Structures are given as structure tokens and as C-alpha cells.
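Note sheet for the following structure.
Everything quoted here is computed from the prediction, not taken from an experiment.
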Amino acid sequence: MSEIARLAALHGYGVLDAPADDELSAVVRVAAHVAGVPTATLNLLDEHRQCQLTTVGFDGVDSARADSMCETVVTTGVPVHVPDASLDDRFADNPWVTGALAKVRGYASVPLITREGHVLGTLCAFDTETRDFTDAQIAALQDLARVVLGLFERRKHARVTTALAAEAESARSLAEDYARDLEARQELTSAVHETIDVAIVACDEHGRLTLFNRASRDWHGLDPDPELDPADWSHRYSLYAADGVTPLAPEDVPLRRALSDGSVADVEIVIAPHGREPVRVVCTGRALKRADGTPLGAVVSMSDVTVERAQRQELADRERLLATILDTAPDAFIVADAQGAVTAWNPAAEAMFGWTAEQATGRRLDELIIPARLAQSHNESLAARALTGVPSLTDGLVQVPARRRDGSGLLVELSLASFTWRGERRFHAFLRDVTEREAARERVALANSELAAANDELDRFTAMVAHDLKSPLTAITAYTEVVSDLIADRGPGERKALTAISSAANRMTIMIDDLLAHARSSHESLGLREVDLDGIVDDLAAELSAGSARVEITRDRLPAVPGHPTLLRQVMANLLGNAVKYVAAGVTPRVHVAAEWTDGAVTITTSDNGIGIPADARERVFALFQRADAGADYQGTGIGLSTCRRIVERHGGRIWVEAARGGGTRVRFTVPASPTAPPPRVSDAAGERRVDRSAPRR
């Protein structure tokens with residue numbers, strides 16, 4: 001046999017340098033017992049060393065293959081036993097004999113030979129005293145060597161394979177011939193059957209069940225019935241086809257097939273006794289023959305694959321779900337290997353770039369979608385990511401230019417991440433065509449810029465016109481007063497006309513002042529600083545109370561807020577002026593100003609006892625030149641509240657109107673508090689300050 005093939009077989013079992021399990025250790029103990037010696041070992045020989053996988057009677061060590069006594073057995077594949085190794089030319093100079101490693105005398109070694117004829121190592125028993133070994137002992141050691149191979153097969157395939165079943169049945173046959181000498185082997189076989197998690201069932205040549213190991217009894221919930229006809233096996237032991245629903249036909253039962261056909265391999269069935277969880281198993285077995293070739297029966301091993309199949313099905317379901325998602329995703333999805341060659345290309349990518357999946361797969365991205373001017377930098381970036389293993393773009397989504405099959409360009413939004421597929425670095429990317437979105441955004445930005453410029457120009461024009469109109473109005477008012485003095489002795493008609501002219505000029509002056517305030521609210525730099533609302537309200541209360549009518553204005557202790565003093569004074573002046581103006585005839589105006597801190601902002605509230613604002617007009621009154629329908633007795637320009645909104649919004653706040661309890665109006669606005677703004681003041685014991693200004697009636 002080829003040494004290369006032998007080493008491949010040895011490494012294929014994966015037992016080198018792995019801890020020996022209890023069963024292998026038990027075999028070595030039985031080997032020492034059968035050979036009648038205190039020491040035994042299980043040796044495996046690889047390219048350069050002898051590995052003592054498990055030992056009894058001494059601590060095993062690895063040694064050079066050139067120092068191995070078992071090299072002779074591995075080379076020839078023939079058992080060796082000598083009563084005194086020091087007298088045998090093959091071993092006399094060996095360090096295991098000379099005392100360098102040990103002083104072996106009585107020595108027996110049998111090969112571990114696979115079914116393919118590869119000698120993996122030896123099962124070795126020895127003594128420091130001279131000892132003769134009988135043929136029966138050598139035969140028993142050979143039997144144990146086969147058991148070791150069976151255990152190797154189980155470890156390799158996670159089940160007792162055909163070899164293990166054959167070895168077990170062979171052990172039973174040998175037990176009939178060597179019952180007294182191989183009692184230990186029988187005990188070992190029984191222990192193996194009862195401890196492994198692979199089910200073993202067996203029958204004799206007549207189809208009578210002879211063996212159910214522990215796993216078989218657990219899965220079936222029954223013991224073997226030797227009197228049961230093979231045609232009834234499927235029904236009695238609840239056997240079903242791989243679908244778990246169809247009862248297994250009698251002739252398809254794996255044990256019966258192995259008995260009749262000689263072997264069965266990798267047959268999947270379901271064991272589902274009533275009241276128990278179904279077990280999905282894979283069956284492998286073969287017919288057994290005696291030494292003279294006559295039928296002995298059959299054996300089948302069954303491995304539980306319930307969890308494995310469920311996991312495989314779940315994985316398949318997830319793959320189908322992922323494929324469906326990617327096939328229906330509105331964004332292009334592309335997968336490329338470390339060299340930039342496409343391995344996946346979904347329908348959205350086909351629609352976006354014009355290449356079918358068949359055309360794109362296997363071609364490099366720089367040939368398909370990367371603009372020529374960016375191809376080199378793309379390839380360098382991809383190579384760097386493959387080398388460093390950077391998993392994704394640190395910036396999340398990025399916008400990059402791309403090209404279609406027809407050469408036209410587009411702008412895509414890209415997210416990129418890497419993953420490992422079968423040991424290879426790959427990259428997947430989602431791409432969204434944002435060409436039109438970005439173009440629309442640019443158009444909107446340009447329109448907004450143009451609109452802002454137009455509004456700015458309009459405000460400046462308004463301020464300029466309003467300023468220029470004030471000069472002639474001032475002249476009209478002055479000359480009207482002069483003319484009134486000149487015609488003081490004239491009739492009432494002339495005086496009435498001059499009064500109308502003066503009133504109209506005053507109204508025009510008020511409107512111009514409001515327009516100037518409105519324009520200034522847009523252009524004046526904020527220059528935020530601490531604004532004393534207490535002082536502003538007190539000053540305005542004094543001004544509003546200077547007339548002939550009684551006015552009551554009260555307030556809480558108000559906080560200092562960050563803002564523009566002049567503009568915030570303008571807001572309070574408009575709100576308090578409206579509250580005082582819009583009251584029913586004969587009603588004393590009463591206004592209260594309060595403040596509260598909410599969500600990092602100060603909310604200022606003015607509450608009055610005026611005529612109120614209808615619900616459908618509470619938003620409309622903030623538009624320029626819009627007023628609520630208050631009747632002809634109440635004069636106004638419709639500019640004041642619009643100016644208030646513009647100032648409040650420039651400060652980052654908002655303003656709105658509510659109905660006050662018991663009638664009247666509540667106007668509320670917010671001023672964001674900067675991180676350095678002072679905290680609210682603590683109210684005094686009275687909870688508010690009353691500013692009651694009165695003037696005697698004339």
C-alpha cells in the first residue's frame with residue numbers, strides 16, 4: 001500500500017493528538033488483560049513520530065518514528081510477538097528495549113488495518129519480563145484491534161457504521177468459538193452498544209430480531225420481538241418514509257433490505273411511535289456472514305439527524321426568503337469578490353444599469369458601472385478593503401457617480417459592506433439611483449435661494465418706500481394743522497374735511513410704521529443677549545396706561561431670556577396693544593402675562609378679557625394684512641401679528657392663539673433657552689406682580 005494513502009487514511013480519522021475516549025481506553029485495558037501483561041498501548045504512526053493515543057500501566061509519550069518498535073508491524077501489516085525483544089535482531093538496539101525509553105522484553109503487537117488495507121498503527125501489549133504469547137491471545141488482540149477501528153469509524157462518521165456493526169457481529173461469532181478467552185471483549189462490545197448514541201438493530205439469518213441497543217429501545221419505545229414477522233416490523237415499530245407521513249413499506253425497512261440485498265446505505269426514515277417525538281434517522285447496514293460464508297444475519301446502524309435536517313430546512317427557508325427579498329428589492333443589489341468580479345446581480349440592478357445578471361456575472365465592476373475616470377481609484381480602494389478587511393463604509397451612505405450600459409451617467413447612493421463566503425472575502429452593495437432626486441434638490445435649493453433673494457429685496461423695497469412715504473405724510477399732517485388754525489372761524493364743513501385728512505394721514509403713518517417694523521424684523525441682526533422681560537412689560541404697561549381709560553396689566557415674575565431686546569419688545573408691544581384695544585365697549589381691559597419653562601424653552605403667555613378671536617381665524621391672523629372680523633369700531637393694519645410671528649420664528653420659537661378661560665384670548669409664544677441662559681426666577685410670595693395703571697377720565 002502507498003505510504004501517502006496510508007497517511008491520508010490516518011489523518012482522515014482525526015484521532016491524532018485528540019484525547020482518547022473512555023471506550024478506546026477500555027479496549028487497551030482489555031488488551032493488557034487478554035495478553036496477560038501489565039502494560040499496553042494504542043500506537044499511531046504518522047510521517048515522523050509514534051503517537052501513543054492511550055496507554056495502560058505507564059504514561060504514554062510521543063517518540064520518533066525511527067525509534068518505534070511497531071514500525072515493523074506497520075510496514076509489514078503482520079502481527080509480531082516475541083518472548084524477549086532483547087534477543088530479537090529487529091528490536092535489540094531499540095531505545096524501548098535498551099532502557100533509553102523502556103526495557104521491553106515480552107512484546108506482542110497487532111496492526112490496526114482499515115478495510116482498505118491501510119495500517120494506521122498497532123495495538124501493542126508488553127512486559128518488562130520475558131513472556132510467551134499464545135495464538136489465542138494474538139487472535140484476541142487482533143479482534144480488539146478491529147474493535148479499535150470500529151470506534152475510529154464511529155468517531156469519524158458520528159455513528160456506528162457498517163464496519164462497527166460487522167465488527168460487533170464478528171465479535172459475537174468469535175465469542176462463540178472463544179467464549180472463555182474473549183469474555184472481556186464481549187463485555188466491551190455490550191458496553192459500547194449501550195453507551196453510544198447511535199442506534200443498532202440486528203437480526204439473524206431467518207429475520208428474527210436479536211439486538212436493540214439502548215438508543216434503539218429509546219427511539220422505538222419497545223424491545224426487539226424475536227417472534228415478530230419481518231413483514232410486521234414497519235407497523236410494530238412505527239416506521240415512516242422520509243416525509244414522516246407515509247408508512248414505510250415492509251420491503252423498504254432498512255434491516256430487511258440489508259438482509260435480502262446484502263447492504264443498505266444512507267437511507268433516511270422517520271421513527272414516530274405514538275405519544276413520542278418523531279426521530280429522523282439515516283440508516284446504514286449490511287448482511288453478516290460466518291467464516292464459512294453462510295448467512296449469519298444483518299445489522300443496521302441509525303444516526304439521529306432530526307436537528308440537522310431541521311437546521312438545514314431552516315437555512316434553506318432563510319435563503320429562499322433572502323433571495324425573494326433581493327429579487328423584489330427596489331434598490332440594486334450587487335455582490336463582488338475581492339478582485340471586483342460580480343457574483344450576484346439582482347433584477348433592480350438589471351433595470352438600473354442595463355446589464356442582465358447573466359451578462360454581468362463574472363465581469364469586473366470597472367467594466368460595467370464604474371466611470372472610466374474612477375476605475376483606477378475604485379480598484380485600489382477595493383484591493384485595500386480586501387487586504388485590511390474593513391467591513392463597511394465608515395460614513396454609511398455615500399453618493400458616487402456611475403454609468404449605464406449605454407454609457408449614460410447617473411448618481412447613485414451606495415452602502416457597502418464585506419463578508420466572508422467559503423473562505424473568500426466578498427463585498428455586497430445596495431445602490432439607489434438618486435440622479436433625479438439630487439437634481440430636484442438642486443432645483444429646490446436654487447428656487448429657495450432666488451425666493452429668499454426676492455423676499456429680501458421686497459422687504460428692503462418695502463422699508464425704503466415706507467420711509468420715503470413718511471416725509472410727505474408728515475408734511476400733510478403739519479399743513480393740515482396750519483390750515484385748521486387759519487380757518488378756525490370758518491364753518492363746520494371745512495373743519496370736518498381737515499379732520500378727515502388728518503385722520504387719514506395718521507392711519508397711513510401707523511401703517512407705514514408697522515411696515516417698517518415688519519421689514520426690520522427680517523433684516524435686523526439678532527445679536528442675542530439677555531433680555532429682561534419684567535422691565536419690558538412694566539414699561540409697556542406704563543405707556544398703555546397713559547391714556548384716558550383705565551387699564552389693568554398684571555404679570556408673574558418673568559425670566560430673562562436670550563434674544564434681541566428691541567425685537568422682543570416689539571412682540572410684547574403688539575400683543576399687549578392688541579389685548580388692550582380689542583375689548584368690548586365699557587369693559588376695562590385686563591391683561592395678564594405669565595411664563596413657564598418646558599423642554600428647554602420659555603413659553604410666554606398673554607391672557608386678556610377681550611372680544612376673542614374665532615377658532616377659524618386663529619391661524620389666519622398671522623398672515624400679512626389679515627385681521628379677524630372685529631367690526632368697524634376696531635381699527636388696525638393686519639401687520640402686527642405677522643411681525644410677531646416673524647420675530648419669534650427668527651428666535652427659533654413659535655407663536656399661536658388659544659381661547660382664554662371665561663372668554664378673551666391667550667396668545668402664547670416660545671423662546672428657546674440657550675445653554676448659558678439664566679434659570680427661571682423664583683416667584684415671590686404673591687405669585688405675581690400687579691401693574692394697575694389708571695388715568696382720570698376727561
Side-chain angles (χ1 to χ4, degrees), residues 8-9 11-15 114-118 146-147 149-170 192-193 195-203 207 209-220 224 230 233-235 237-273 276-289 295-317 319:
H11 290 296
Y13 283 103
V15 294
T114 67
R115 285 175 296 175
E116 293 80 15
H118 302 299
R146 284 190 285 274
V147 173
L149 262 298
L151 294 174
F152 282 0
E153 289 290 336
R154 190 203 67 177
R155 175 176 285 189
K156 179 179 180 181
H157 300 289
R159 63 182 181 268
V160 175
T161 60
T162 303
L164 177 60
E167 289 294 333
E169 290 304 314
S170 176
V192 170
H193 287 170
T195 57
I196 61 176
D197 292 328
V198 175
I200 300 176
V201 296
C203 67
L209 293 173
T210 59
L211 173 65
F212 271 27
N213 73 340
R214 176 192 55 79
S216 295
R217 296 192 300 272
D218 289 346
W219 295 350
H220 290 102
W233 286 350
S234 177
H235 176 70
Y237 294 107
S238 304
L239 305 181
Y240 293 86
D243 61 8
V245 177
T246 307
L248 197 62
E251 62 273 13
D252 291 334
V253 175
L255 184 60
R256 190 171 182 184
R257 287 178 56 186
L259 183 63
S260 61
D261 300 341
S263 66
V264 65
D266 298 327
V267 175
E268 187 171 322
I269 66 171
V270 175
I271 303 172
R276 290 173 174 263
E277 287 293 327
V279 181
R280 186 174 296 274
V281 298
V282 171
C283 307
T284 298
R286 69 178 182 181
L288 302 176
K289 297 183 181 299
L296 179 61
V299 64
V300 167
S301 64
M302 297 179 288
S303 296
D304 184 355
V305 295
T306 307
V307 175
E308 176 191 345
R309 292 294 188 269
Q311 291 174 340
R312 186 179 298 176
Q313 182 62 44
E314 182 181 2
L315 180 60
D317 292 342
E319 289 178 348

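Remark: side-chain polar atoms of Ser301 are not paired, donor with acceptor, to backbone N or O of Ile200 under 3.5 angstrom. Using modelled atom types, one side-chain atom of Arg214 and one backbone atom of Ile196 make a donor-acceptor pair closer than 3.5 Å. In this structure, Ser234 contributes its side chain and Leu248 its backbone to a donor-acceptor pair below 3.5 Å.
Taking the ring pair (Phe, Tyr, Trp, His ring centres under 6.0 Å) definition, one finds that Phe152 meets it with Tyr13, sequence neighbours left out. With sequence neighbours excluded, the residues satisfying side-chain contact (heavy atoms from CB on, under 4.5 Å) with Pro278 are Val270, Ala272. Arg217 pairs by the salt bridge (charged side-chain N to carboxylate O under 4.0 Å, His left out) definition with Glu194, not counting sequence neighbours. Residues satisfying the side-chain hydrogen bond (donor to acceptor under 3.5 Å, both in side chains) criterion with Thr114, sequence neighbours excluded, are Glu116. Partners of Glu277 under the side-chain hydrogen bond (donor to acceptor under 3.5 Å, both in side chains) rule, at least two apart in sequence or in another chain, do not exist in this structure. A search for side-chain hydrogen bond (donor to acceptor under 3.5 Å, both in side chains) contacts involving Gln311 returns nothing, not counting sequence neighbours. For the salt bridge (charged side-chain N to carboxylate O under 4.0 Å, His left out) test, residues two or more places apart in sequence or in another chain that qualify with Glu314 are Arg318. With sequence neighbours left out, the side-chain hydrogen bond (donor to acceptor under 3.5 Å, both in side chains) criterion links His235 to no other residue.
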Side-chain donor-acceptor pairs of residues 254-263 under 3.5 Å, sequence neighbours excluded:
residue	atom	partner	partner atom	Å
Ser260	OG	Arg256	O	3.0
Ser260	OG	Arg257	O	3.3

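When all heavy atoms of Val253 and Trp233 are compared, the pair lying nearest together is CG1-CE3, 4.0 Å.
Annotation: the span from Asp197 atom CG to Arg154 atom CZ amounts to 8.0 Å, rounded to 0.5 Å.
Put simply, the side chain of Val281 does not reach to within 4.5 Å of the side chain of Val305, judged on heavy atoms. With a 4.5 Å cut-off on side-chain heavy atoms, Phe212 and Tyr237 count as touching.
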Test log, rule side chain to side chain contact (heavy atoms under 4.5 Å, CB included), inputs His220 and Ile271: CA-CA 7 Å; His220 290 102; Ile271 303 172; 3.8 Å; yes

Side chain to side chain contact (heavy atoms under 4.5 Å, CB included) evaluation trace for Asp266 with Thr284: CA-CA 5 Å; Asp266 298 327; Thr284 298; 3.7 Å; yes

Checking Met302 against Val198 for the side chain to side chain contact (heavy atoms under 4.5 Å, CB included) test, could you report, in this order, the C-alpha distance in whole Å, the side-chain angles of both residues, the deciding distance, and whether it holds? CA-CA 6 Å; Met302 297 179 288; Val198 175; 5.7 Å; no

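Pairs passing the side chain to side chain donor-acceptor pair (under 3.5 Å) check and including a residue from residues 238-253, sequence neighbours excluded, read Asp243-Thr246. Sorted by first then second residue, the salt bridge (Lys or Arg N to Asp or Glu O under 4.0 Å) pairs that include residues 303-313, not counting sequence neighbours, are Glu268-Arg309, Glu308-Arg312.
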